[in-house]
2 protein chains.
Amino acid sequence: MPKDNAATQTVQRIANILRCFSAGEPEIGVMQISRATGLHKSTTSRLLSSLEAEGWVAKNPETRKYRLGLEIVNLAGTVLEQIGLRQAAQMHLRELADLTQETINIAVLHGDECINIESIKSPHAIQYAGQLGRRNPLHCTSTGKILLAYMSAEQRQQRLTPPLRAFTPHTITDLAELEENLMQARAQGYAAAYDEFDEGLSAIAAPIRDFNEQVIAAVSISGPSFRMGAEQSQLYAAHLLSASRRISNQLGYFANP
Amino acid sequence: MPKDNAATQTVQRIANILRCFSAGEPEIGVMQISRATGLHKSTTSRLLSSLEAEGWVAKNPETRKYRLGLEIVNLAGTVLEQIGLRQAAQMHLRELADLTQETINIAVLHGDECINIESIKSPHAIQYAGQLGRRNPLHCTSTGKILLAYMSAEQRQQRLTPPLRAFTPHTITDLAELEENLMQARAQGYAAAYDEFDEGLSAIAAPIRDFNEQVIAAVSISGPSFRMGAEQSQLYAAHLLSASRRISNQLGYFANP
DNA sequence: AAATTAGTTTTATTATATGAAACACTGTTT
DNA sequence: AAACAGTGTTTCATATAATAAAACTAATTT
């Protein structure tokens with residue numbers, strides 16, 4: 001008997017299994033997954049071979065371990081295509097990347113996190129690894145702040161349940177302080193996050209709007225803090241705002257008079 | 001009692017449901033999915049809300065229809081990160097894109113198809129939409145031909161079961177002819193496909209090798225045939241080969257003396 | 001306002017996934 | 001070499017968990 005409003009057990013189990021795979025441990029065996037998920041090893045084995053049949057995981061016959069399969073990339077392609085943003089943005093992102101030589105990301109809201117849906121990596125040796133699909137917190141990233149800044153107060157409140165996690169000593173954990181920070185972001189048109197998520201990592205972000213004037217995403221420039229200080233950010237901000245405006249325009253947004 | 005060696009029913013059903021979503025119909029309702037998959041509407045409804053709980057689909061409360069969720073992008077990010085190719089290639093792809101102003105793709109083998117894992121779109125109005133994760137046939141695409149050309153004869157035979165589907169009048173459907181075409185590709189180091197997959201679309205591709213000398217992917221330049229004729233391809237080929245070599249080098253491959 | 005269609009929830013039923021145990025396979029240790 | 005430990009797969013009886021039918025909402029159309 002499935003619990004009240006709970007999800008189908010199998011779906012949960014599959015999701016748990018797939019979540020075991022990470023960039024750090026891309027190839028894992030049945031027993032490891034079994035231990036991590038608490039599933040019986042025979043169940044794990046059977047579920048994995050089912051997933052393999054669908055191309056969602058792939059088995060390495062050498063090591064008899066599994067890794068995530070390419071069929072997932074196929075599905076993700078459909079998701080990203082739907083958002084449509086990527087195509088609209090690509091040219092402008094490349095310009096921004098060429099100009100700044102730093103990492104460029106586009107992120108959208110997903111629950112109480114933001115997810116990178118596009119990233120162009122800096123050619124510099126020291127760079128922020130903004131992996132596609134990576135989930136980041138809202139309150140201490142530049143893209144997250146933009147998304148927070150332009151949502152309704154209720155929505156924001158809902159997503160900012162104290163205590164705000166302090167990722168570094170610089171993370172803003174006080175709600176009032178963050179609120180002010182966001183107000184400033186709205187005023188100047190872009191948000192900044194200096195060492196707030198990762199010590200040594202700083203970024204600035206600007207909103208992307210669709211035809212409906214809704215902020216649907218944020219575009220950011222990130223780099224090591226020694227290359228992304230307040231002065232440098234100021235300089236980059238003009239380019240960032242220009243890019244975000246051009247992308248928005250392509251989505252049908254035009255500032256009203 | 002689960003069939004002989006068959007996959008878990010639920011996994012199959014979930015896979016079928018998710019496959020219903022496409023770029024053409026990104027938002028679909030319960031009944032549509034129910035009809036498409038042959039599942040009972042109550043089953044479909046329950047499965048969908050389970051998938052929603054995991055972030056694999058998202059419900060539009062307005063229309064009460066579902067679309068694919070962002071959690072899939074997160075998983076796909078892990079897959080792509082694993083392959084590692086994207087980071088190694090990015091800079092070289094951008095150079096290639098800047099140089100040619102055409103669409104650049106990287107594809108890897110997946111069963112008897114090839115899948116795009118990276119693409120930079122041409123700034124031209126007329127362009128090939130090489131969507132991320134898109135699955136393409138092997139025998140009539142430039143990337144597919146490269147992947148075929150550098151696999152063992154058995155493997156190739158296994159993936160080329162006649163009849164080869166003719167996508168256009170120019171598609172090579174004769175096995176012997178294709179074999180010769182592939183031999184030529186090996187000889188000159190790159191493969192070409194002129195109007196073979198899509199009338200008006202042409203491309204050339206070159207192999208990417210890893211430290212183990214294995215061909216693990218192909219990089220391609222695609223564009224409308226009027227911009228990608230035989231002469232133009234010849235000119236681009238040098239750049240393409242250079243890029244493929246540099247990417248391969250970054251993966252630890254160095255041609256032996 | 002009645003009728004149609006879509007979506008969700010409830011409930012009895014049984015088909016389906018499950019875990020224990022046996023088996024197969026590798027690599028390691030004595 | 002033989003015994004062992006550790007992992008992965010398969011079999012099989014059992015009962016859990018998914019199922020379909022029907023009842024129920026809610027929205028849309030006639």
Side-chain angles (χ1 to χ4, degrees), chain A residues 1-22 24-69 71 82, chain B residues 1-22 24-69 71 82:
Chain A
M1 59 203 91
K3 271 192 234 153
D4 296 17
N5 56 353
T8 306
Q9 189 184 51
T10 311
V11 174
Q12 287 183 320
R13 291 183 165 185
I14 293 170
N16 286 336
I17 288 178
L18 294 181
R19 255 193 292 275
C20 291
F21 298 90
S22 64
E25 275 204 305
E27 255 193 37
I28 43 185
V30 172
M31 280 308 289
Q32 281 175 81
I33 297 174
S34 167
R35 275 189 288 265
T37 57
L39 294 173
H40 200 258
K41 68 170 182 168
S42 96
T43 305
T44 311
S45 173
R46 209 152 11 79
L47 244 28
L48 278 168
S49 49
S50 303
L51 290 169
E52 191 191 10
E54 301 296 341
W56 292 28
V57 301
K59 192 202 279 191
N60 182 340
E62 301 281 321
T63 61
R64 260 188 271 138
K65 296 188 172 190
Y66 290 88
R67 56 187 164 72
L68 289 176
E71 206 56 39
Q82 275 167 48
Chain B
M1 60 203 88
K3 270 192 234 153
D4 295 19
N5 56 351
T8 306
Q9 192 184 49
T10 311
V11 174
Q12 286 182 321
R13 292 183 165 184
I14 293 171
N16 285 337
I17 287 178
L18 294 180
R19 255 192 292 273
C20 290
F21 298 90
S22 65
E25 274 204 306
E27 254 194 36
I28 43 184
V30 172
M31 281 308 289
Q32 281 175 80
I33 296 173
S34 167
R35 274 189 288 267
T37 56
L39 294 174
H40 197 169
K41 69 170 180 167
S42 95
T43 304
T44 310
S45 174
R46 204 159 12 79
L47 246 28
L48 278 167
S49 50
S50 304
L51 290 168
E52 192 191 8
E54 300 296 341
W56 293 29
V57 301
K59 192 202 278 189
N60 183 341
E62 301 282 320
T63 61
R64 259 188 275 139
K65 296 188 172 191
Y66 290 88
R67 58 187 162 73
L68 288 177
E71 207 56 39
Q82 275 168 48

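We name chains A, B, ... by the order of the sequence lines, and we start the count at 1 in each one.
Separating the CD1 atom of Ile28(B) from the C1' atom of dG7(C) is a distance of 15 Å, rounded to the nearest angstrom. dA24(C) atom P lies 14 Å from atom NZ of Lys41(A), rounded to whole Å. Between the CG atom of Asn60(B) and the C1' atom of dG7(C) there is a distance of 14 Å, given to the nearest Å. Rounded to an integer number of Å, the gap from NE2 of His40(B) to P of dT8(C) is 13 Å. Note: CZ (Arg46(B)) to P (dA21(D)) measures 13 Å, nearest angstrom. Taking atom CD1 on Ile17(A) and atom C1' on dG8(D), their separation rounds to 14 Å, with Å as the unit. A straight line from CE of Met31(A) to P of dT7(D) spans 6 Å, rounded to a whole angstrom. The distance from atom NZ of Lys65(B) to atom P of dT8(C) is 13 Å, rounded to the nearest whole Å.
Nearest-nucleotide positions on DNA chain D place Ser42(A) closer to the 5' end than the other of Gln9(A) and Ser42(A). Each of Leu39(A) and Gln32(B) has a nearest nucleotide on DNA chain C; the 5'-most of these lies closest to Gln32(B).
Counting atom types as modelled, Ser45(B) pairs no side-chain N or O with a base atom of dG7(C) as donor and acceptor under 3.5 Å. At a cut-off of 3.5 angstrom, counting only N and O atoms as typed in the model, there is no donor on one side facing an acceptor on the other between the side-chain of Thr8(B) and the base of dA17(C).
The side-chain heavy atoms of Val57(A) and Ile17(A), taken from C-beta on, include no pair separated by under 4.5 Å. When side chains are defined from C-beta on, Thr43(B) counts as touching Arg13(B), because their heavy atoms get closer than 4.5 Å. Considering only heavy atoms from C-beta on, Leu47(B) stays 4.5 Å or farther from Ile33(B) through its side chain.
Close to dA26(D), at under 4.0 Å from its OP1 or OP2, lies no side-chain N or O of Arg64(B). Side-chain N/O atoms of Lys59(B) include one lying less than 4.0 angstrom from OP1 or OP2 on dT8(C). For the OP1/OP2 pair of dT18(C) and a distance below 4.0 Å, the side-chain nitrogens and oxygens of Arg13(A) include at least one atom meeting the criterion. Side-chain N/O atoms of Thr10(A) include one lying less than 4.0 angstrom from OP1 or OP2 on dA18(D).
Note that the SG atom of Cys20(B) and the CD atom of Glu25(B) stand 9.5 Å from one another [nearest 0.5 Å].
Residue Tyr66(A) places its side chain closer to dT9(D) than to any other of dT8(C), dT9(D), dA20(D). Which of dA20(C), dG7(C), dT19(D) sits closest to the side chain of Val30(B) comes down to dG7(C). Nearest to the side-chain atoms of Leu47(A) among the listed nucleotides dT18(C), dA22(C), dA23(D) stands dT18(C).
Qualifying salt bridge (charged side-chain N to carboxylate O under 4.0 Å, His left out) partners for Arg19(A), counting only residues two or more places apart in sequence or in other chains: Glu54(B).
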